[in-house]
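Report on the structure given below.
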Amino acid sequence: MTGRALFDAHKLHAVLELEPFLLSLAKKPNPITLTQCHQIHAKLIITQCISQTHLANTLLSFYSKSSNFHHAHQLFNKMPHRNVVTWTTLISSHLKHGSVPKALKIFNQMLLSDERPNEYTFSVLLRACSNHDFWSVGLQIHGSLVRFGLDRDKFAGSSLVYMYFKGGNDLRDALRVFNGLLERDVVAWNVMISGFAQVGDFHMVQWLFSEMRDVQGLKPDNSTFVSLLQCCYLLLEVKQIHGLVYKFGAEIDVVVESVMVDLYAKCGDVSSSRRIFDSMEEKDNFVWSSMISGYSMNNRGEEAVRFFKNMCRQRVKLDQHVLSSTLKACVEIEDLNTGVQVHGLMIKNGHQNDCFVASVLLTLYASFGDLGDVEKLFRRIDDKDIVAWNSMILARARPGHGSSHSMQLMQELRRTTSLQIESATLVAVLKSCENESDLLAGRQIHSLILKSSLCHHTLVGNALVHMYSECRLIDDAFKAFVDIEWKDDSSWSSIIGTYKQNDMELEALGLCKEMLNEGVNLTSYSLPLCFSACSQLSAICEGKQLHVLAIKFGYNRDVYVGSSIIDMYAKCGNIEESENVFSEQLEPNEVIFNAMICGYAHHGKAQQAIEVFSKLEKNCVAPNHVTFLALMSACSHAGYVEETLHLFTLMLDKYKIKPKSEHYSSLVDAYGRAGRLEEAYQIVQKDGSESAWRTLLGACRNHNNTEIGEKSAMKMIEMNPSDHAPYVLLSNIYNAEGKWEEAIKCREKMAKIHVKKDPGSSWLV
DNA sequence: TTAGGGTTAG
């Protein structure tokens, strides 16, 4: 008797000592190791505490959390007494780390034993059944829940509502269960709010939230705010919810902060994202990756890369999200160096075959023409999804590579996988057909599209228009355009661009008008095309109307739109209006400056062009080759020979810009106009482009220089025998010099080799 | 002692 009492006291002491220790371990976020589990197991056996069901349950949860199912089951089988917690722990661990069928098998065993499942058991099971594959099982479990009288319980009921939202997308059943609950706690309300937020029913979310606020003693928590934030599309809305979080005095957790970082960036306010990020005490991987993608989606790729490098310096763990977001930024800013470093980190962190990360990496390598490694990367990806295939097909659709490889890949995709082809797949394959030699493949894809459900997809239609346009089949492009059911700005831009490229400006402008009549919202893509059509036709009235619309939609200060307006007014003869638009630009870049300089060049205002260039230098904007071409052409036309030469050397020496043929031609033009034909001849011999020779020949014609004129004409005929220009110019030189015989010979030669002069045309009647 | 709701990337 005494011995037994003494033993029990020992046991009690051991329990008192072990219990807090086990509890503290259970609270730790990381699962404990198998060795630690064994040590605890041994200690429980030695102290004979293993027979205490609650302690054995805790050990069972340790084995389960670390996915040591074998040991968990061994312990479970040996336990002399099991309770509902024992069963629920085992079921829950299989659901979290193992498989749903195994969990269901254990649940069936539980039902066959005398143990009754409780609200916790049902809660975990129902949540697992929200996966669509187990939908019918979920309905059966709902039946059991009713039999056990737990269907109105707040725990089991909340999970049931969750299941109807996620698995069945059944809002009515979810609402019915919710209305039937005996008690609705914050979790129950959150499940409802999040369910309606996911399906985009924001009115319902609003209503539920106001109802919830009326319930006494209930306060929205972080989870509520996350769901509310998911309903935000506008910056103002994000700010409002941000304010609400403070109003309710909630202790903001890392998840809410992460969502706000992500959303502010999605609404274009990266500075607010960064402010929240910097103020966060606890930062998880999620928020680091949100910050990187935030920079990237706002066209601030350089900052994304800098942020990533800073993150590496701080030794933050790199996950797939961080790596793929960074690579996306590298693709955007064409930063191969960082991309290669990220590749190394992918290997180091074991993510080299991750589908998300490898898909972007192959896009990056492909954009630098490294196609050999791309294929290897693709083949190694685990569980390739449709986006990985699309990326690979697009990687192979590089200009000049033909369509065969992309077509083969799509056939392989259809033959070997059960993945559903997406619009992006077709867009990628069509991209590889943008050449007349690949037209047959393009037509095959077109017929495939017509047979599929994707024929009404706007993106696919746009790709077809583009493909036919690149193959110079204007009628087919137009037919494909007509077939697009929901034409967007891009559809109209494609067809207008097609007509413009093929010198059909009148038709292009007609389509611009039609587009406006259709009420399509003009954007920074379509507006420049419309302005360009106007300028080519000198259609200033239409141009002015479009200018008003550009102001109305707030695009007049967009660099692409702004430069096209400046160009349109200049080409339509209204340089004053170009100057007005130019002066309205808040942060003019080189494209805007170039448009103004070109405008002055066209109007023969060399002095003003040079003044604009000085302004550009003062604003620390880097000029490009177009800037110098416009400046040199303005100066050469005005007869400023020395100034043209000065600009040419400035371009080379100060700005390190490699001259193109056009620059040489401009230089030749300047010398030619001044009659300095020998110097011009020296330059042409160095450059040797057809356009430079043509310019020189023109100058010889103006200055009646037969000697260099003959040399130039011979060179041009050698370079392009079917061109009529050298014959005409040369015969003009002979005529001017009175060498009629030579002139006739020249024309005869031209007739002999069937070179015909294009008839002249004029806009003036 | 078991348990329900919320976040990111290509």
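Computation of the quantities below employed the complete heavy-atom set of this structure, encompassing side-chain atoms and omitting hydrogens, waters and symmetry-equivalent molecules. Computed from a predicted model, the values in this text were never measured in an experiment. Lettering of chains follows the sequences in order, A, B, ..., and the numbering in each one begins at 1.
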Counting the atoms with a prime plus P, OP1 and OP2 as sugar-phosphate, which does Asp319(A) contact under 4.0 Å by heavy atoms, base, sugar-phosphate, or nothing?
nothing

Base of dG4(B), side chain of Ser158(A) - is there a donor-acceptor contact under 3.5 Å?
yes

Looking at Arg306(A) and Glu302(A), is any side-chain nitrogen of the basic one under 4.0 Å from a carboxylate oxygen of the acidic one?
no

Is the Phe286(A) to His321(A) ring centre distance short of 6.0 Å?
no

Note: Glu119(A)-Lys154(A) ion pair, threshold 4.0 Å (strictly below):
no

Is the shortest side-chain N/O distance from Gln198(A) to OP1 or OP2 of dT7(B) below 4.0 Å?
yes

Base, sugar-phosphate alone, or nothing: which one does Val360(A) contact when heavy atoms must sit under 4.0 Å apart?
sugar-phosphate

Below 30° counts as parallel, above 60° as perpendicular, anything between as tilted: where do the rings of Phe122(A) and Phe148(A) land?
tilted

Ring centre gap for Phe209(A) and Trp189(A) strictly below 6.0 Å
no

Scan Glu119(A) against the nucleic acid and name what it touches under 4.0 Å (heavy atoms): base, sugar-phosphate only, or nothing.
nothing

So if I take every side-chain heavy atom of Asp284(A) and compare against dG10(B), dG6(B), dT7(B), which nucleotide ends up nearest?
dT7(B)

Is the distance between the ring centroids of Trp389(A) and Phe378(A) under 6.0 Å?
yes

Do Asp385(A) side-chain and dG10(B) base share a donor-acceptor contact under 3.5 Å?
yes

Please indicate yes or no: is the ring centre of Phe286(A) less than 5.5 Å from the centre of the six-membered base ring of dT7(B), with the two planes inclined by under 30 degrees?
yes

Compare side-chain N and O positions of Lys96(A) against OP1 and OP2 of dA3(B) and report whether any pair is under 4.0 Å apart.
yes

Counting distance alone, no hydrogens or angles: does the base of dT8(B) have a donor or acceptor under 3.5 Å from a partner atom on the side chain of Ser290(A)?
no

Angle between ring planes, Trp135(A) versus Tyr164(A), binned at 30° and 60°: parallel, tilted or perpendicular?
perpendicular

To the nearest angstrom, how far is Leu125(A) atom CG from dT2(B) atom P?
17 Å

Picking from Arg274(A), Arg300(A), Glu332(A), what satisfies side-chain hydrogen bond (donor to acceptor under 3.5 Å, both in side chains) with Tyr295(A)?
Arg274(A)

Kindly state whether the ring of Phe202(A) and the ring of Trp207(A) have centres lying under 6.0 angstrom apart.
no

Please answer whether dG10(B) and Phe356(A) are stacked, defined here as ring centres separated by less than 5.5 Å and planes angled under 30°.
yes

Kindly give the heavy-atom pair with the smallest separation between Leu181(A) and Ala188(A), and that separation in Å.
CD1-CB, 4.1 Å

With a cut-off of less than 4.0 Å, is there a side-chain N or O of Gln230(A) near OP1 or OP2 of dG6(B)?
no

Sugar-phosphate, base or nothing in reach of Val124(A), heavy atoms under 4.0 Å:
sugar-phosphate

Ala388(A) side chain, from C-beta outward: closest of dG10(B), dG6(B), dA9(B)
dG10(B)

Whole-Å distance between dT8(B) P and Tyr264(A) OH?
17 Å

With a 4.0 Å heavy-atom cut-off, tell me which residues in residues 323-352 of chain A come close to DNA chain B, sorted by residue number.
Ser324(A), Ser325(A), Lys328(A)

For Met297(A) and dG10(B), give me the distance from atom CE to atom P, rounded to whole Å.
7 Å

Identify whether any heavy atom of Ser159(A) sits under 4.0 Å from a base atom; if not, whether one sits that close to sugar-phosphate; answer base, sugar-phosphate or nothing.
sugar-phosphate

Side-chain contact check for Asp354(A): nearest option of dG6(B), dA3(B), dA9(B) is dA9(B)

Euclidean distance, atom NZ of residue Lys283(A) to atom C1' of dT7(B) [Å, nearest integer]
17 Å

If you take any heavy atom closer than 4.0 Å to DNA chain B, which residues from residues 82-93 of chain A end up in contact?
Val85(A), Thr88(A), Thr89(A), Ser92(A)

Between dT2(B) (P) and Phe76(A) (CZ): distance, integer Å
16 Å

Base, sugar-phosphate, or nothing: which does Val191(A) touch, judged by heavy atoms less than 4.0 Å apart?
sugar-phosphate

Nucleotide dA9(B), atom P - distance to CG of Leu362(A) in whole Å:
19 Å

Without decimals, in angstroms, what is the distance between His94(A) NE2 and dT2(B) P?
17 Å

What's the closest nucleotide to the Ser359(A) side chain, out of dT1(B), dG10(B), dG6(B)?
dG10(B)

Assess the pair Phe308(A) and Trp288(A): is the distance between their ring centroids shorter than 6.0 Å?
no

Any chance the rings of His242(A) and Tyr246(A) have centres within less than 6.0 Å?
yes

What does Val287(A) touch in the nucleic acid at a heavy-atom separation under 4.0 angstrom: a base, only the sugar-phosphate, or nothing?
nothing

Send over the distance from Asn353(A) CG to dG10(B) P, rounded to a whole Å.
20 Å

Let's see if you can work this out: which of dA9(B), dG6(B), dA3(B) has an atom nearest to the side-chain heavy atoms of Tyr162(A)?
dG6(B)

Classify Ala197(A) by what it touches in the nucleic acid, base, sugar-phosphate, or nothing, heavy-atom distance under 4.0 Å.
nothing

Test for a donor-acceptor pair under 3.5 Å between the base of dT8(B) and the side chain of His321(A), counting only N and O atoms.
yes

For a quick check of understanding: with a heavy-atom distance under 4.0 Å over all strands, which category does Val387(A) fall into, base, sugar-phosphate or nothing?
base

